[in-house]
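Structure, as structure tokens:
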Amino acid sequence: MPVLLHGPEKRPERRRYLPDKNSYPLQKDRRGQYKIRRGEMLWVCMTSDFFLPEADPWRDDAWDMIRMRPDVIFFLLTKRPQRVSACLPEDWGNGWENVFFHVACENQIRAEERIPFLLSLPFRHKGVFCTPLLGPISLRFQAHLQWMRGL
């Protein structure tokens, strides 16, 4: 049975649903405490991709849930950074403190293709995941960037 997310920021023309299993970050225990505690990290769509076109119908509800839980860290990993700008919520600004964004790069070609998108996107926390590693990767083509020195 789907759960309709309600809230003052919800616009009536945007009625979307999330299945019960996807509302876990909002679920509370018998004492009224969130089941997911403050500071925990959730990997969003870990076996899929949050920016797949198939996620378009429910992504706004997911953003609403992420907005409702600023005390939880949401980790997004994608192979589709070229779709991200069009999928961000209207109030995104320079990003939300509780969202960590990474691109997956499985080889040099994908690293050189995806990292420039990563750098251009408005996220406060960014990174590169070299997975699944299908070939050697050098990040020297981005070595001039301060944030990559620790990689």
Side-chain angles (χ1 to χ4, degrees), residues 2-3 5 7 9-11 13-27 34-151:
V3 175
L5 298 178
E9 72 281 352
K10 195 82 164 168
R11 293 170 286 180
E13 71 274 9
R14 200 183 96 223
R15 293 176 52 91
R16 296 204 165 88
Y17 294 85
L18 286 174
D20 288 336
K21 66 180 181 175
N22 292 331
S23 66
Y24 186 61
L26 302 178
Q27 292 177 7
Y34 282 117
K35 291 181 178 181
I36 296 176
R37 304 287 182 221
R38 168 183 291 278
E40 285 189 51
M41 180 181 285
L42 292 178
W43 292 59
V44 180
C45 296
M46 194 55 210
T47 60
S48 182
D49 193 317
F50 190 67
F51 297 102
L52 278 170
E54 292 82 1
D56 291 348
W58 54 261
R59 190 178 303 102
D60 285 340
D61 284 337
W63 286 126
D64 287 345
M65 190 173 0
I66 292 168
R67 186 185 296 108
M68 287 183 228
R69 291 298 311 268
D71 59 322
V72 173
I73 298 165
F74 292 86
F75 186 96
L76 305 175
L77 177 65
T78 189
K79 290 183 177 182
R80 294 162 182 83
Q82 69 280 5
R83 295 197 78 239
V84 173
S85 289
C87 297
L88 294 174
E90 292 177 11
D91 61 344
W92 185 255
N94 291 323
W96 298 341
E97 188 63 37
N98 65 326
V99 177
F100 287 48
F101 178 73
H102 288 66
V103 293
C105 301
E106 58 271 26
N107 57 35
Q108 189 66 38
I109 292 169
R110 296 300 180 228
E112 291 180 19
E113 172 187 294
R114 295 176 184 152
I115 291 174
F117 280 109
L118 168 73
L119 298 175
S120 71
L121 292 167
F123 284 87
R124 295 184 185 190
H125 309 283
K126 302 177 184 185
V128 176
F129 249 55
C130 296
T131 185
L133 196 54
L134 302 177
I137 297 177
S138 170
L139 300 179
R140 293 187 195 279
F141 75 100
Q142 296 288 346
H144 65 283
L145 298 170
Q146 179 74 26
W147 71 275
M148 297 196 75
R149 289 188 184 160
L151 297 177

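- The two atoms that bring A111 and C105 nearest to each other are CA-SG, 3.5 Å, heavy atoms only.
- Interatomic distance, CG of D71 versus OH of Y34, reported as 7.0 Å (0.5 Å rounding).
- Between L121 and S85 the shortest side-chain heavy-atom distance falls below 4.5 Å.
- Taking the six-membered ring where the residue is Trp, F51 and W63 present tilted rings, their angle falling between 30° and 60°.
- Within 6.0 Å of CG on D91 lie more than 12 heavy atoms contributed by other residues, nucleotides or ligands.
- Among F75, F100, W92, F117, the one residue that satisfies the ring-ring contact (aromatic ring centres under 6.0 Å, His included) test with F123 is W92.
- The CD1 atom of I137 sits 6.5 Å away from atom CG of N107, with the distance rounded to the nearest 0.5 Å.
- A distance-only check finds a donor-acceptor pair linking the side chain of N98 to the backbone of V72 [under 3.5 Å].
- Using a distance-only test at 3.5 Å, with no hydrogens or angles considered, a donor-acceptor pair links the side chain of Q108 to the main chain of S138.
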Evaluate F101 against L118 for side chain to side chain contact (heavy atoms under 4.5 Å, CB included), listing each step before the verdict. CA-CA 8 Å; F101 178 73; L118 168 73; 3.5 Å; yes
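- Scanning both residues, N94 and R124, for their nearest heavy atoms gives O-CG, 3.6 Å.
- Shortest non-hydrogen contact noted between I36 and P25 is CD1-CA, 3.7 Å.
- Evaluation of the salt bridge (Lys or Arg N to Asp or Glu O under 4.0 Å) test over residues 38-54, restricted to residues two or more places apart or in two chains, returns D49-R80.
- The CG atom of D61 lies 10.5 Å from the CZ atom of R67; values are rounded to the nearest 0.5 Å.
- Heavy atoms only, all atoms of each residue included: F50 and R59 are closest at O-NE, 2.8 Å.
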Yes or no on side chain to side chain contact (heavy atoms under 4.5 Å, CB included) for I115 and L139, after CA distance, side-chain angles and deciding distance? CA-CA 9 Å; I115 291 174; L139 300 179; 3.5 Å; yes
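- R110 places no side-chain N or O within 3.5 Å of a backbone atom of A104 that could act as its donor or acceptor partner.
- Around atom CD1 of I109, no more than 12 heavy atoms belonging to other residues, nucleotides or ligands sit under 6.0 Å away.
- Across V103 and L77, no two heavy atoms sit closer than the pair C-CD1, 3.8 Å.
- V99 and H125 make their closest contact through O-CD2, 3.7 Å (heavy atoms, listed as atom of the first residue, atom of the second, distance).
- Using a cut-off of 4.0 Å between Lys/Arg side-chain N and Asp/Glu carboxylate O, R114 and E106 are scored as salt-bridged.
- Residues passing the side-chain contact (heavy atoms from CB on, under 4.5 Å) test with P53 are D56, R83, sequence neighbours excluded.
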